[in-house]
Amino acid sequence: MELIEGLKTRRTIRSFNDKEIDIKVVEKIIDATRFQPTWKNTQIVRFYFTNDNKKINEISENIGHDWNKNIIKNAKGVMVLAYKTNISGYEKDKTPSTTKGSHFESFDTGVMAEGFVLSCFNYGIGTVIMGIFDENRLKKVIGVKDDEAIACVIPMGYYDELPSPPKKKEVSELLNIVK
Ligand SMILES: Cc1cc2nc3c(=O)[nH]c(=O)nc-3n(C[C@H](O)[C@H](O)[C@H](O)COP(=O)(O)O)c2cc1C
């Protein structure tokens with residue numbers, strides 16, 4: 001898929017068809033995603049994936065948000081993006097490198113998440129990035145390590161059709177030319 005076309009046509013997908021997600025495809029997706037930029041190339045993001053229906057159901061039951069629970073219930077896979085804390089945005093002695101403190105941990109994971117959803121789209125897999133979840137419950141269900149935090153949850157699945165895009169702001173509303 002051509003890059004600009006992919007950037008413009010990817011949509012958030014919230015309903016999925018019955019086709020299963022093969023782990024081999026997920027490995028290809030992560031193989032592309034891992035090349036995204038990160039703070040000083042620290043590569044703090046870790047990916048937790050399941051295509052096990054029982055586990056997907058358990059994630060759904062513990063997400064702690066009804067809207068998201070119903071979406072996950074119908075997903076064919078769930079990818080959880082976690083990150084190692086106190087590395088991105090920090091010096092080696094753990095002092096913050098900028099006034100923004102832990103900001104770059106989420107920033108790095110966001111960059112990685114975009115690479116991930118675009119890679120999924122390239123392979124015909126729909127995704128929805130979720131920012132609302134019960135982190136404590138989810139950490140236990142997924143088995144996320146003690147020195148990691150969860151940035152987002154991404155239900156996945158093949159889809160029958162792409163929804164039409166929600167209204168996006170025009171270039172003139174977004175771009176400020178500075179002289
Ligand atoms: C950081 C972030 C958090 C989001 N959280 C949720 C969520 O919890 N549940 C949900 O259904 N969609 C969530 N979304 C998806 C947005 O609603 C969606 O991207 C937006 O409506 C634009 O649609 P589009 O992705 O098709 O352009 C989230 C997206 C982002 C980037």
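One-based numbering, in listed order, for ligands and for the atoms of each. If you read the sequence from its start, that first residue is 1, and numbering goes on from there.
- Ligand 1 has no N or O atom lying under 3.5 Å from any N or O atom of Ile71, backbone or side chain.
- Under a 4.0 Å criterion applied to the non-hydrogen atoms of Asn68, ligand 1 contributes the atoms 7 (C), 8 (O), 9 (N), 10 (C), 11 (O).
- The contact set between ligand 1 and Val128, taken as ligand atoms under 4.0 Å from a residue heavy atom, comprises 10 (C), 11 (O), 12 (N).
- At least one heavy atom of Trp67 lies less than 4.0 angstrom from ligand 1.
- When distances from atom 6 (C) of ligand 1 to the protein are checked, a heavy atom turns up under 4.0 Å.
- Residue contact annotation: His65 has no non-hydrogen atom under 4.0 Å from ligand 1.
- At least one N or O atom of Gly131 sits closer than 3.5 Å to an N or O atom of ligand 1.
- Across all their heavy atoms, Phe121 and Tyr159 have their closest contact at CE1-OH, 3.3 Å.
- Annotation for Phe47: atom CZ counts as buried by contact number, over 12 foreign heavy atoms lying within 6.0 Å.
- Taking every non-hydrogen atom of Ile132 and a distance limit under 4.0 Å, the qualifying atoms of ligand 1 come out as 8 (O).
- Remark: among candidates Met130, Arg14, Arg11, the nearest residue to atom 16 (C) of ligand 1 is Arg14, based on non-hydrogen atoms.
- Atoms of ligand 1 found under 4.0 Å from any heavy atom of Arg10, numbered from 1 in the order shown, are 24 (P), 25 (O), 27 (O).
- Both tests pass for Lys19 against the ring of Tyr158: distance under 6.0 Å to the centre and angle within 45° of the axis.
- A chain of hydrophobic side-chain contacts below 4.5 Å, direct or via other Ile, Leu, Val, Met, Phe, Trp or Tyr residues, connects Ile142 to Val78.
- Residue Pro165 places no heavy atom under 4.0 Å from ligand 1.
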